[in-house]
Every structure is written in C-alpha cells, then in structure tokens.
Amino acid sequence: MKKRENRIFPICLLLALAVCFLAACSSGKGGTQESPAASKSASKSMSESANDSGKGADDNGESAEAAEKKLRIGVAIYRYDDNFMKLYREELRQYLEEAYNAEVVMRNARGEQEEQISQVIEFIEAGYDGIIVNLVDTDRAGVIADSCHEAGIPLVFINREPKADEQARWKTEKMAVSCIGTDSKQAGTYQGGIILETEKRGDFNGDGVVSYVMIMGEKDNEDSNYRTEYSIKALEDGGMKTEKLFSGHADWNKEEGRKLAEKALALYGRRIEVIFCNNDAMANGAWEAIDAAGRKTGKDIYLVGVDALEETVQYIKEGKVTGTVLNDHTGQSHTAADVLMKMIHGDEAETRYLVDYVKISTISTLQK
C-alpha cells in the first residue's frame, strides 16, 4: 500500500501544477479577465481620472470647472411690443452670450410695474449674478435697487432712467447700481436741427412761422417731455417763430400715432407744415395719415421721428419721412452689459452712462 501511495502523490502534484498553468494562461497579459462592458467602464474611469488630475487650478486657485461656469443674467423689459426695445433686447442678449458666454433669461413685464418687480424678485431668489431692468415706472426704481442691493446682486437700468435724486442715492450708499441712457434733450435738438436744414426751414408758406403738430409718447415720460421741448427750442434758437396747432400722446404706438395725425390733418389741413413725433413708430403711423390726406413729405409737409428704425430709415430713402435721430440701441446695450460685468467682478462703476444720438436726414448720411 505504501508503494501505491507514493505513486499517487506525484500524480496529484502534476494535476495541481496543470490547473495553475491554465489559470495563468486564461488571464491574458497578466491581468484579470473582464467582459467588454467592464473593460470599457474601467477605461472611461481612468480617462476621467486623468482629466480630473489635469484640470488643476487657475491663477486664482479656482478650478477650471468653476472658471467655465456661466454667469446668469436676468433681464426685465417693460414691454415686448415696443419696436425699439425689441432691437435693444435682441442685441443685448446676443452681446451677453457672445462676449461674456452668459446665460440670459428675459422677461416681459407687459407694461405692469408690479409684474416687473415680481420678475426681479424671482431673479434674486434664484441667485442670478446680475440683473438688467427696463423700467415700467421710473418712480419705482428705488424698490428694485434696494432689493438687488440687499441681495448683493449688481443692477443696471436701461433706456428709462430713474430720477437724479435716486441716482445720487446709489453713489451715497455705495450701491452696485448704474443706469445707461441717452440725453433726450439732444434728441429733440437734433429733430429741430433736421427741420432747420431743410430748404424751407419748416416754413412752407413763407410767413416766418413754423406751424406744427406734436405727437408725443407717454404722458409724464422724461424722454417724451424733453424731445418735445427741445425740438421746438432748436427751431426758435435757429431764428424761427413757431405755432403749435395740435398735440397729443400716442404712447409710442404706430396706430395711435396714425390716428392723432389723421385728426390733426382733418382739423388743420394745409396749415400744418411740420409733424414732430417723439419716436419712429408714431412717425411711421403719421406718414400713413399724411399719404391718405394727399400730402407729400418734402413738398408741402415735413415729418421727423426718433430711433432710426429700419422701416423709418427706408422711408427716409424713399422721401416719405424727412429725418430721424438714431437712438443707438447697439451702443446702449453693449455699454449696459459691459458695466454690469464690471460690477459683477467687483469693480466700481459710474452711476450713469450716456450714449449719443445721431442725426439721420439724408441718404448720404445713411450711407456713411
């Protein structure tokens, strides 16, 4: 029996060695065997690990991921159906996205100030990095400014400027609030200047008096008031006497502008020598009334607006409108974005920035 046991032991040893050899062969190149899915998962994990280790930190010690995080900007517009503000908000969105890689969310207040305040509060509660507001009512600017200041969120007002005492408060209280606007006195002055540059200087009947109609924007609106006042002041400073035949508020609206012009033309007929409109939308409506009344712009009546809307510029080329004043929505929107970003990054900004108007009254001017 002993002899037989000695024979069995070498056989068992050989079998054990064979099993070990086969196990080693099945492991491939020295690793453990995996399914294709597991292998892919491991490869992805290693790749992600390598990427993470390669991210490192920027000069400020922030991760690249944090540096690439998009800033969120909330924009509240007083109403979307305003032709000029449509141009403004579209340019503002594009510039913020392309120049600053920002995420932009816009809201339409539909002319309701309380709704706009609610929209701003939503931006604040959601932790937006910056807010831009085109006010419905400039008298409520303080409410919005205080809310943003308390939340530590920079704020820029556009197009409709808060009153001077409100702006002064931002500086006194060191608030990260600014506004981007224009000098509406300049716009009115340019309108009057356009009429003075015409062959008849606004005086078709040669009596030394410019008899005019004034179609205004919103009542008690600063832009409307100054454009109205300074367009006539420019005529009078240029040596012309003036006579107001008719005026009314069309609230920046084309259809309302047309209705007011129709009414004025029905009442005063050919006594009207110039129709001033506080914006181009109303001027475009006024031209329709002039055309329907059988009058010819440049021949027996002049018509001016403000904004340099594409349609109005085309009307100038066709001789339907005497001139307009460019309300530079591109310059304003870019300035608004730049100032907001400046404050977001902790830099100080002025409380007010102005963008100049440009007179547009001839085809040669348009082609420059």
Side-chain angles (χ1 to χ4, degrees), residues 76-86 88 108-117 133-144 157-167 179 181-192 211-236 242-268 272 274-289 303-307 309 312 324-325 327 332 357:
I77 302 296
Y78 96 105
R79 53 191 297 172
Y80 276 9
D81 59 359
D82 182 300
N83 291 335
F84 176 72
M85 286 313 301
K86 179 181 179 182
Y88 198 127
N108 178 11
R110 300 177 180 83
E112 297 292 336
Q113 186 58 71
E114 294 308 316
E115 182 172 350
Q116 185 173 71
I117 290 174
V133 176
N134 169 217
L135 285 162
V136 175
D137 180 359
T138 56
D139 287 337
R140 303 300 298 279
V143 175
I144 294 174
F157 290 109
I158 59 172
N159 186 246
R160 296 179 166 205
E161 286 189 56
K163 292 182 171 56
D165 57 348
E166 172 63 18
Q167 294 183 33
C179 67
T182 52
D183 184 354
S184 293
K185 298 174 185 177
Q186 184 186 53
T189 299
Y190 282 175
Q191 280 190 307
S211 299
Y212 69 92
V213 167
M214 183 67 68
I215 298 178
M216 300 174 286
E218 293 174 336
K219 188 176 181 180
D220 298 326
N221 177 273
E222 184 177 277
D223 287 340
S224 181
N225 292 342
Y226 282 141
R227 291 175 188 179
T228 296
E229 177 185 352
Y230 279 80
S231 58
I232 304 309
K233 185 177 185 300
L235 283 179
E236 294 174 347
T242 63
E243 176 190 20
K244 182 173 71 174
L245 299 175
F246 179 92
S247 67
H249 293 277
D251 297 334
W252 313 113
N253 183 272
K254 177 181 178 179
E255 182 61 20
E256 293 304 313
R258 181 187 64 77
K259 289 178 181 178
L260 285 179
E262 280 181 349
K263 185 176 180 179
L265 287 162
L267 288 171
Y268 297 98
I272 301 172
V274 180
I275 296 181
F276 288 95
C277 296
N278 286 167
N279 80 342
D280 280 351
M282 297 185 296
N284 294 344
W287 175 80
E288 293 180 359
L303 171 64
V304 289
V306 175
D307 281 343
L309 297 179
T312 312
T324 186
V325 181
N327 194 0
Q332 291 176 58
Y357 286 96

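No experiment lies behind these values; they were computed from the predicted model shown.
Under the 4.0 Å criterion applied to side-chain N and carboxylate O atoms, Asp165 and Lys163 are not assigned as salt-bridge partners. Between Arg258 and Glu262 there is a salt bridge, since at least one side-chain N of the basic residue sits less than 4.0 Å from a carboxylate O of the acidic one. Between Glu222 and Arg160 there is no salt bridge, since no side-chain nitrogen of the basic residue lies less than 4.0 Å from a carboxylate oxygen of the acidic one.
Partners of Glu288 under the salt bridge (charged side-chain N to carboxylate O under 4.0 Å, His left out) rule, at least two apart in sequence or in another chain, are Lys254.
Ser224 places a side-chain N or O within 3.5 Å of a backbone atom of Gly217 that can act as its donor or acceptor partner. At least one donor-acceptor pair under 3.5 Å links the side chain of Gln113 to the backbone N or O of Asp137. With hydrogens and angles ignored, the 3.5 Å screen pairs no side-chain donor or acceptor of Asp251 with any backbone N or O of Asn253. Gln191 contributes no side-chain N or O that, together with a main-chain N or O of Ser231, makes up a donor-acceptor pair within less than 3.5 Å. Panel note: side chain Asn108, backbone Tyr80; a donor-acceptor pair is recorded below 3.5 Å. Remark: the backbone N or O of Ala283 is not paired with any side-chain donor or acceptor of Asp280 at under 3.5 angstrom. Without hydrogens or angle criteria, Glu243 side chain to Tyr212 main chain gives no donor-acceptor distance under 3.5 Å. In this structure a side-chain-to-backbone donor-acceptor pair under 3.5 Å is present from Tyr268 to Leu245.
Between the side chains of Asn134 and Gln116, no donor N or O sits under 3.5 Å from an acceptor N or O.
The shortest distance between side-chain heavy atoms of Met216 and His249 falls below 4.5 Å. Val133 has its side chain out of reach of Ile158: every pair of non-hydrogen atoms, C-beta onward, lies at least 4.5 Å apart.
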Could you go step by step and tell me if Asp183 and Lys185 meet the salt bridge (charged side-chain N to carboxylate O under 4.0 Å, His left out) rule?
CA-CA 5 Å; Asp183 184 354; Lys185 298 174 185 177; 5.6 Å; no
For Glu236 and Thr242: C-alpha separation, side-chain torsions, deciding distance, then whether side-chain hydrogen bond (donor to acceptor under 3.5 Å, both in side chains) applies.
CA-CA 7 Å; Glu236 294 174 347; Thr242 63; 2.7 Å; yes
Set out, in order, the CA-CA distance, both residues' side-chain angles and the distance that settles side-chain contact (heavy atoms from CB on, under 4.5 Å) for Phe246 and Ile272, then state yes or no.
CA-CA 9 Å; Phe246 179 92; Ile272 301 172; over 6 Å; no
Run the numbers on Asn278 and Thr228 for side-chain contact (heavy atoms from CB on, under 4.5 Å), then give the verdict.
CA-CA 7 Å; Asn278 286 167; Thr228 296; 3.4 Å; yes
Worked check of side-chain contact (heavy atoms from CB on, under 4.5 Å) between Gln186 and Tyr190
CA-CA 6 Å; Gln186 184 186 53; Tyr190 282 175; 3.5 Å; yes
Evaluate side-chain contact (heavy atoms from CB on, under 4.5 Å) for Phe276 paired with Leu235, printing each intermediate quantity in order.
CA-CA 12 Å; Phe276 288 95; Leu235 283 179; 3.7 Å; yes
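Residue Thr312 forms a side-chain hydrogen bond (donor to acceptor under 3.5 Å, both in side chains) with just one option from Thr324, Asn279, Asp307, Asn284, and that option is Asn284. With respect to Val213, the side-chain contact (heavy atoms from CB on, under 4.5 Å) criterion is satisfied by exactly one of Leu260, Leu265, Ile275, Leu303: Ile275.
In plain terms, the two heavy atoms of Phe157 and Ala141 that are nearest each other are CZ-O, 3.6 Å.
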